[in-house]
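Here is the structure we will look at.
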Amino acid sequence: MIFQQENTKEVAAAASEAAEAEAKSNMTTTELILDQLESWYETLITNLPSMAVALIVLIVTYFISKWVSRGVQKLVQHKVNQVSVRKLIGKVAAAVVIVGGLFIALNVLDLNETVQAIIAGAGVSGLVIGLALQGTLSNTLSGVHLSFRKMVSVGDWVETNGYEGEIISIDLNKFIMREADNNTVIIPNKLIMDNPMKNYGLTKTMRVIVHCGVGYESDLDHVREVAKQAIIDNFDQINSKDDVEFYYREFGDSSINFMLRFYYDIENGLQKLINTSEAIIVIKKAFDKEGINIPFPIRTLQFDNQLQMQNVPEQQS
């Protein structure tokens, strides 16, 4: 009896489907379009509450992302000096919030398959974009890393990649320096991360070094005392002769060469050049006052053989 009832239901369902198919086949094109629009309308009315909730989720997510972006920028402003990098970090945080809200909205609409497709597509697209923009992304990530490094900041005097100057800006993809001659140097951030850097701004004290030479007839002890005293008298941070180092280096072709050096409070390379120049001036004045000779190379050319000129008889034409 049960088997007969099931067969009866199957036959009835088949007959119903056949009747619907026959009815559709007899419908005109206009009727088919109207029927499809009616089906969409019913689906819209059915899913209208879910769509409203999804829309509210997206709107709330947008305002939350703005708040998160501002909060993250304020949070990192004490660790990141560059405004561009702070904005980038804030935008990344906002994008994460928006993506999360988008996934929630799709789940509310029961579009789980769409979410999975988006995730799969994002993974493949991210791989392709990463390979295509490898150099750009490397410079950008290096710029973010440099902004967090406490040992490098705007205003420091550094030497890197064969250039020396003051850091003007650390952008997302480039490192900008101004040399002592006021030339601007732009270096990709990746090169900054991959090469050594000498940062003069980490200490306020630099060593000033002066190289010079005196004649062989000079009293070397007297020369040393005069040079040290000249530095003590003209540089207020030098209080004793022990603060000035003086070393004879070699017997040169025309002079006995020495090196004088001392530490001084200097914040950048330009001040170092100024102090080095001042040290040379005061040493030269002190030597002139004491009659100490600073020789310069002299070359004498001597011709022992005299050239003899012979008269060549003119050829008769």
Side-chain angles (χ1 to χ4, degrees), residues 146 149-168 175-185 187 191-192 195-299:
L146 284 172
R149 293 178 66 176
K150 296 181 180 180
M151 301 181 69
V152 180
S153 60
V154 175
D156 290 347
W157 191 274
V158 299
E159 181 180 349
T160 180
N161 289 277
Y163 300 97
E164 180 179 347
E166 180 186 0
I167 301 176
I168 301 302
F175 188 90
I176 304 177
M177 298 169 48
R178 179 181 292 127
E179 294 183 303
D181 55 3
N182 205 34
N183 286 329
T184 300
V185 181
I187 306 174
L191 295 179
I192 301 297
N195 292 280
M197 174 186 295
K198 183 186 292 185
N199 190 348
Y200 297 99
L202 295 179
T203 175
K204 300 303 180 182
T205 302
M206 291 188 189
R207 174 175 279 172
V208 178
I209 301 177
V210 176
H211 297 275
C212 187
V214 294
Y216 276 89
E217 74 283 358
S218 302
D219 184 346
L220 300 184
D221 291 332
H222 182 60
V223 169
R224 179 171 55 199
E225 294 300 320
V226 171
K228 285 187 174 184
Q229 192 62 44
I231 299 299
I232 294 172
D233 295 340
N234 293 274
F235 289 86
D236 54 0
Q237 296 180 17
I238 308 300
N239 299 318
S240 67
K241 293 182 179 180
D242 294 335
D243 296 334
V244 183
E245 300 179 19
F246 186 100
Y247 304 103
Y248 286 106
R249 301 294 301 275
E250 61 181 353
F251 292 96
D253 294 337
S254 304
S255 62
I256 299 177
N257 300 324
F258 67 85
M259 176 183 66
L260 181 145
R261 61 187 187 184
F262 58 93
Y263 285 100
Y264 207 76
D265 289 347
I266 300 173
E267 296 183 357
N268 54 57
L270 181 59
Q271 292 183 2
K272 182 179 180 180
L273 293 175
I274 294 174
N275 282 270
T276 302
S277 175
E278 185 65 23
I280 292 174
I281 292 173
V282 299
I283 290 174
K284 176 65 167 58
K285 288 182 178 180
F287 282 3
D288 290 344
K289 184 178 180 180
E290 296 294 327
I292 299 175
N293 178 35
I294 302 178
F296 53 89
I298 298 175
R299 178 172 297 176

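As a basis for the values below, the full set of heavy atoms in this structure was taken, side chains included, without hydrogen atoms, waters or symmetry mates.
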Nearest non-hydrogen partners of [X] and [Y], listed with the distance:
| X | Y | value |
| --- | --- | --- |
| Pro295 | Gly213 | CD-O, 3.9 Å |
| Ala230 | Ala286 | CB-CB, 3.8 Å |
| Pro196 | Thr160 | O-OG1, 3.2 Å |
| Cys212 | Phe287 | SG-CE2, 4.5 Å |
| Ala279 | Val282 | O-CG2, 3.2 Å |
| Ser240 | Ile232 | C-CD1, 3.5 Å |

Taking the side chain as everything from C-beta on, heavy atoms only, tell me whether [X] gets closer than 4.5 Å to [Y].
| X | Y | answer |
| --- | --- | --- |
| Asn234 | Ile281 | no |
| Val244 | Leu260 | yes |
| Ile209 | Met259 | yes |
| Ile168 | Met177 | no |

Inset, instruction - Determine whether the aromatic ring centres of Phe262 and Phe235 lie less than 6.0 Å apart. - result: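 Here the rings of Phe235 and Phe262 have centres that are less than 6.0 Å from each other.
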
Are there over 12 heavy-atom neighbours, none belonging to [X], within less than 6.0 Å of that residue's [atom1]?
| X | atom1 | answer |
| --- | --- | --- |
| Asp288 | CG | yes |
| Arg207 | CZ | yes |
| Arg261 | CZ | yes |
| Tyr163 | OH | no |

Just verifying a value: how many Å separate [X] [atom1] and [Y] [atom2], rounded to the nearest 0.5 Å?
| X | Y | atom1 | atom2 | value |
| --- | --- | --- | --- | --- |
| Asp219 | Glu225 | CG | CD | 10.0 Å |
| Glu278 | Ile283 | CD | CD1 | 10.5 Å |
| Ile238 | Lys228 | CD1 | NZ | 11.5 Å |
| Ile167 | Asp156 | CD1 | CG | 5.0 Å |
| Phe251 | Ile256 | CZ | CD1 | 5.0 Å |
| Asn293 | Ser218 | CG | OG | 6.0 Å |

Inset, instruction - Give me the ring orientation class for Phe246 and Phe258: parallel if the planes are under 30° apart, tilted from 30 to 60°, perpendicular past 60°. - result: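 Phe246 vs Phe258 ring planes: parallel.
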
Short side-chain donor-acceptor distance under 3.5 Å, [Y] and [X]:
| X | Y | result |
| --- | --- | --- |
| Glu164 | Trp157 | yes |
| Thr205 | Asp265 | yes |
| Asp236 | Tyr264 | yes |
| Gln229 | Asp233 | yes |

Legend entry - Identified side-chain hydrogen bond (donor to acceptor under 3.5 Å, both in side chains) partner of Asn257 from the options Arg249, His211, Glu250: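 Only one option passes, and that is Glu250.
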
Legend entry - Whether Asp243 side chain and Asn239 backbone form a donor-acceptor pair below 3.5 Å: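 Confirmed, Asp243 side chain pairs with Asn239 backbone.
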
Legend entry - Salt-bridge contact Asp221-Arg224 (side-chain N to carboxylate O under 4.0 Å):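 Yes, charged N to carboxylate O under 4.0 Å.
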
Inset, instruction - Using the side-chain contact (heavy atoms from CB on, under 4.5 Å) rule, pick out the option among Thr276, Asn275, Ile274 that qualifies with Lys272. - result: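 One option only clears the test, and that one is Thr276.
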
